[in-house]
Enquirer: 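What follows is a single structure, and I will ask about it in a moment.
Letters go in sequence order (proteins before strands), and every chain restarts at 1. Reckoned from all heavy atoms, side chains included, excluding hydrogens, waters and symmetry mates.
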Amino acid sequence: MIGDPSGKSEERNLLSVEQLRANIAGIEPQLRRFLQFDAGPNSAVLVNNYDWMGRFGYLEFLRDVGKHFPVNVMLTKDSVRSRLERTDAGLSYTEFSYMLLQAYDFVQLFDQHGCEVQVGGSDQWGNITAGIDLARRLRGVQLYGMTCPLLTKSDGQKMGKSEAGALWLDPAKTSPYQFYQYWINLDDADVDTCLRFFTDLAEDEIRRVLAEHETDRGRRTAQRRLAAELTRLVHGGEGLAIAERATEIFFGAEIGELTDAQLRGIFADVPSRELPRENLQGGGLPVVEALVAAGLAKSKGEARRTVTQGGAYVNNRRAADLDRRLTPGDFVGGAAIVLRSGKKKYGLLRFV
RNA sequence: GGGGGGUUUCCCGAGCGGUCAAAGGGGUCAGACUGUAAAUCUGAUGGCAAUGCCUUCGCAGGUUCGAAUCCUGCACCCCCCA
């Protein structure tokens with residue numbers, strides 16, 4: 001319900017209990033891909049700190065927890081100091097207090113689950129050490145923390161979080177094909193780091209892949225390996241197979257040769273829409289409208305620009321004419337048309 | 001409670017009565033180059049039935065031939081004093 005101020009330049013939105021529960025419900029299935037919740041005594045456990053914070057009275061909290069936090073120490077924490085140094089944004093007492101909550105959570109986890117180590121991104125350092133300090137004062141125990149550097153791209157930006165290029169683990173938000181493509185497109189400069197960060201390939205293997213990559217970067221051996229490993233991890237072998245098939249179809253074979261079965265196989269994975277056949281009547285469907293329908297342009301104006309600038313393709317053939325209309329004559333693999341905007345953004349339209 | 005500053009198109013940030021759909025930068029999209037790369041260069045960047053029409057400058061009113069720009073009220077944010 002209360003956000004962590006670290007890193008963020010603005011106040012967080014406060015979430016309602018319902019929103020939080022929905023978020024938690026959404027996170028759990030994703031974590032299941034990476035953690036075992038049913039591994040006997042060492043199973044992963046997902047807890048909600050609302051369970052112990054929710055009924056904690058303000059006075060009790062100040063007495064039992066707040067008392068142990070010297071404000072002068074809190075003020076020296078990077079997360080707090082950076083916020084105070086900004087003149088355009090302040091820091092509310094609520095957010096300032098976040099550190100106490102997270103520290104207390106650590107103590108609770110120790111009490112309830114014997115948790116002794118807290119791991120997180122480096123922006124969590126202050127919060128983690130606050131928890132270690134609190135545990136020592138309250139329980140007289142030594143707890144531990146470990147952080148890793150936040151992953152940024154070679155140009156300093158955070159990875160996979162930009163507005164347009166956000167990368168989600170949920171296949172409903174980022175399909176296996178899109179997920180795979182994200183990694184295939186990764187900068188050379190970032191491949192090394194990502195292989196080490198995200199895959200559990202052995203050091204030798206990573207070295208070998210990178211060495212091979214160096215011999216001919218154009219083949220992007222490293223990106224391919226990275227994409228394959230991660231897609232399999234997140235979406236399973238099935239997801240990887242579909243992603244590779246779609247990639248092969250779009251970036252390999254001739255579009256004209258496709259069979260309906262092939263297109264059906266990747267239909268759900270590539271941005272796509274089904275349209276009634278009537279749309280093709282009366283001279284055909286204007287490309288501009290088709291681009292919008294396929295989700296390749298947000299508005300007709302944008303679609304028109306794409307076409308005018310030579311970035312629109314129908315079945316991989318440039319369609320630079322605004323008057324270009326789609327007709328059944330453009331069908332490939334039955335009743336589908338492959339649209340493309342730019343070099344690599346594909347969209348599929350299927351007429352029913 | 002008092003005083004000051006602020007809220008502009010996706011973001012930052014100019015504009016301070018007409019020439020404003022609104023400078024500049026970022027981002028984004030497209031083109032060239034290339035390797036579905038990076039860097040660089042070029043163009044585009046509110047919507048639409050498009051030499052025009054509609055919507056946008058915190059919200060609601062008002063002044064005016066005309067407002068993002070002036071006035072009033074409201075909301076929210078920031079700073080300082082108490």
Side-chain angles (χ1 to χ4, degrees), chain A residues 5 8-14 82-96 152-167 177-195 209-210 212-228 231 243-253 255 266 270-271 282-283 286-289 291-292 294-314 316 318-324 338-347:
Chain A
K8 274 280 183 181
S9 55
E10 292 169 21
E11 281 274 317
R12 295 294 181 94
N13 293 326
L14 303 180
S82 65
R83 276 289 285 273
L84 292 178
E85 281 168 1
R86 295 174 56 103
T87 53
D88 58 333
L91 178 64
S92 70
Y93 180 70
T94 301
E95 283 209 66
F96 182 57
T152 52
K153 299 214 290 182
S154 51
D155 59 10
Q157 293 185 319
K158 274 188 239 167
M159 249 180 130
K161 295 191 81 169
S162 73
E163 270 310 303
L167 191 65
Y177 165 73
Q178 292 169 313
F179 186 85
Y180 183 84
Q181 281 292 317
Y182 178 89
W183 300 108
I184 283 288
N185 276 294
L186 199 68
D187 296 2
D188 286 352
D190 295 320
V191 171
D192 185 332
T193 317
C194 287
L195 278 170
V209 170
L210 289 174
E212 193 184 335
H213 178 67
E214 280 305 315
T215 63
D216 180 3
R217 295 184 169 202
R219 283 170 54 211
R220 38 185 80 214
T221 318
Q223 279 93 336
R224 281 175 201 287
R225 184 60 184 276
L226 177 67
T231 307
E244 287 182 326
R245 205 182 314 148
T247 296
E248 175 62 23
I249 287 173
F250 287 142
F251 296 96
I255 294 286
I266 63 170
V270 174
V287 228
V288 169
E289 285 180 32
L291 286 169
V292 175
L296 292 177
K298 286 192 285 293
S299 68
K300 285 194 209 172
E302 187 178 310
R304 207 169 288 120
R305 274 204 304 278
T306 306
V307 174
T308 307
Q309 296 179 138
Y313 296 80
V314 175
N316 271 353
R318 181 173 279 180
D321 184 359
L322 280 176
D323 294 327
R324 174 79 154 90
V338 178
L339 293 168
R340 190 177 117 206
S341 164
K343 272 184 286 198
K344 52 202 176 191
K345 275 166 56 190
Y346 280 94

Enquirer: Please state the C1' separation for the pair U72(B) and C79(B) - nearest whole angstrom.
Expert: 25 Å
Enquirer: Check whether R340(A) reaches the backbone of G342(A) with its side chain - one donor and one acceptor, N or O, closer than 3.5 Å.
Expert: yes
Enquirer: Report the distance from atom OH of Y346(A) to atom P of A30(B), rounded to the nearest whole Å.
Expert: 13 Å
Enquirer: Without decimals, in angstroms, what is the distance between D187(A) CG and A38(B) C1'?
Expert: 6 Å
Enquirer: Atom CZ of R219(A) and atom CZ of R224(A): how far apart are they, to the nearest 0.5 Å?
Expert: 8.5 Å
Enquirer: Suppose we screen for side chain to side chain contact (heavy atoms under 4.5 Å, CB included). Which residues come up paired with V209(A), at least two apart in sequence or across chains?
Expert: L195(A), E205(A), A222(A), R225(A)
Enquirer: Distance check, C1' atoms only: U56(B) and U69(B), in whole angstrom units.
Expert: 15 Å
Enquirer: Can you check the distance between C57(B) and A23(B), where both ends of the measurement are the P atom (answer in whole Å)?
Expert: 16 Å
Enquirer: Rounded to the Å, how far apart are K345(A) NZ and U36(B) C1'?
Expert: 13 Å
Enquirer: Do you know the tightest heavy-atom contact between R324(A) and V287(A)?
Expert: O-CG2, 2.8 Å
Enquirer: What's the OH-P distance between Y180(A) and U36(B), to the nearest Å?
Expert: 14 Å
Enquirer: Which one, C29(B), A37(B), G31(B), comes nearest to the side chain of K344(A)?
Expert: A37(B)
Enquirer: Can you name the residues that form a side-chain hydrogen bond (donor to acceptor under 3.5 Å, both in side chains) with D321(A), not counting sequence neighbours?
Expert: none
Enquirer: To the nearest 0.5 Å, how far apart are CG in D187(A) and CG in D192(A)?
Expert: 13.0 Å
Enquirer: Where do L339(A) and V314(A) land on the side chain to side chain contact (heavy atoms under 4.5 Å, CB included) test, with the steps shown first?
Expert: CA-CA 5 Å; L339(A) 293 168; V314(A) 175; 3.9 Å; yes
Enquirer: Which atoms of nucleotides 33-35 of chain B (N or O only) lie under 3.5 Å from a protein N or O atom, and what are those distances?
Expert:
{"from": "C33(B)", "atom 1": "N4", "to": "K343(A)", "atom 2": "NZ", "distance (Å)": "2.8"}
{"from": "U34(B)", "atom 1": "N3", "to": "K343(A)", "atom 2": "NZ", "distance (Å)": "3.4"}
{"from": "U34(B)", "atom 1": "O4", "to": "K343(A)", "atom 2": "NZ", "distance (Å)": "3.0"}
{"from": "G35(B)", "atom 1": "O2'", "to": "R220(A)", "atom 2": "NH2", "distance (Å)": "3.0"}
{"from": "G35(B)", "atom 1": "O6", "to": "D188(A)", "atom 2": "OD2", "distance (Å)": "2.9"}
{"from": "G35(B)", "atom 1": "N1", "to": "D188(A)", "atom 2": "OD1", "distance (Å)": "3.3"}
{"from": "G35(B)", "atom 1": "N1", "to": "D188(A)", "atom 2": "OD2", "distance (Å)": "2.5"}
{"from": "G35(B)", "atom 1": "N2", "to": "D188(A)", "atom 2": "OD1", "distance (Å)": "2.8"}
{"from": "G35(B)", "atom 1": "N3", "to": "R220(A)", "atom 2": "NH2", "distance (Å)": "3.4"}

Enquirer: Atom CG of D192(A) to atom P of A38(B): distance rounded to whole Å?
Expert: 18 Å
Enquirer: Calculate the interatomic distance between Q309(A) atom CD and G31(B) atom P; express it in whole Å.
Expert: 8 Å
Enquirer: Checking the side chain of R245(A) only, and the main-chain atoms of I266(A) only, is there a donor and an acceptor separated by less than 3.5 Å?
Expert: no
Enquirer: Roughly how many Å apart are G31(B) and C20(B), using the P atom of each and rounding to a whole number?
Expert: 32 Å
Enquirer: Using the P atoms only, state how far G26(B) lies from G43(B), rounded to an integer number of Å.
Expert: 13 Å
Enquirer: Expressed as a whole number of Å, how far does the C1' atom of A37(B) sit from that of C48(B)?
Expert: 38 Å
Enquirer: Please name all residues satisfying side chain to side chain contact (heavy atoms under 4.5 Å, CB included) with Y177(A), sequence neighbours left out, ordered by chain then number.
Expert: S175(A), Q181(A), A246(A), T247(A), F250(A), F251(A), D269(A), V270(A), Y346(A)
Enquirer: Would you measure the distance from the C1' atom in C71(B) across to the matching atom in U63(B) and give it in whole Å?
Expert: 7 Å
Enquirer: Mind checking if T247(A) touches a base, just sugar-phosphate, or nothing, with heavy atoms under 4.0 Å?
Expert: base
Enquirer: Classify the ring geometry of W183(A) against F179(A): parallel below 30°, tilted from 30° to 60°, perpendicular beyond 60°.
Expert: perpendicular
Enquirer: Using the C1' atom on both, measure U19(B) against G15(B) and round to a whole Å.
Expert: 14 Å
Enquirer: Rounded off to whole Å, could you give me the CZ-to-C1' distance for the R340(A) and A30(B) pair?
Expert: 12 Å
Enquirer: Can you confirm whether K345(A) sits close enough to P271(A) that some side-chain heavy atom of one is under 4.5 Å from a side-chain heavy atom of the other?
Expert: no
Enquirer: Please write out the pairs of protein N or O atoms and N or O atoms of nucleotides 47-49 of chain B separated by less than 3.5 Å, giving the distance to one decimal.
Expert:
{"from": "G47(B)", "atom 1": "OP1", "to": "S299(A)", "atom 2": "OG", "distance (Å)": "2.7"}
{"from": "C48(B)", "atom 1": "OP1", "to": "K300(A)", "atom 2": "N", "distance (Å)": "3.0"}
{"from": "C48(B)", "atom 1": "OP2", "to": "G301(A)", "atom 2": "N", "distance (Å)": "3.1"}
{"from": "A49(B)", "atom 1": "OP1", "to": "K300(A)", "atom 2": "NZ", "distance (Å)": "2.6"}

Enquirer: Working to the nearest 0.5 angstrom, can you tell me the gap between T193(A) OG1 and L226(A) CG?
Expert: 10.5 Å
Enquirer: Using atom CG of L291(A) as one end and atom C1' of A30(B) as the other, report the distance to the nearest whole Å.
Expert: 12 Å
Enquirer: Start with the C-alpha distance between H213(A) and D188(A), add both sets of side-chain angles, then the distance that settles side chain to side chain contact (heavy atoms under 4.5 Å, CB included), and finish with yes or no.
Expert: CA-CA 9 Å; H213(A) 178 67; D188(A) 286 352; 3.6 Å; yes
Enquirer: Give the stems involving RNA chain B, where a stem is 3 or more consecutive Watson-Crick or G-U wobble pairs (i with j, i+1 with j-1, and so on) under 3.5 Å.
Expert: B:1-7 with B:75-81, B:10-12 with B:24-26, B:27-32 with B:40-45, B:46-48 with B:52-54, B:58-62 with B:70-74
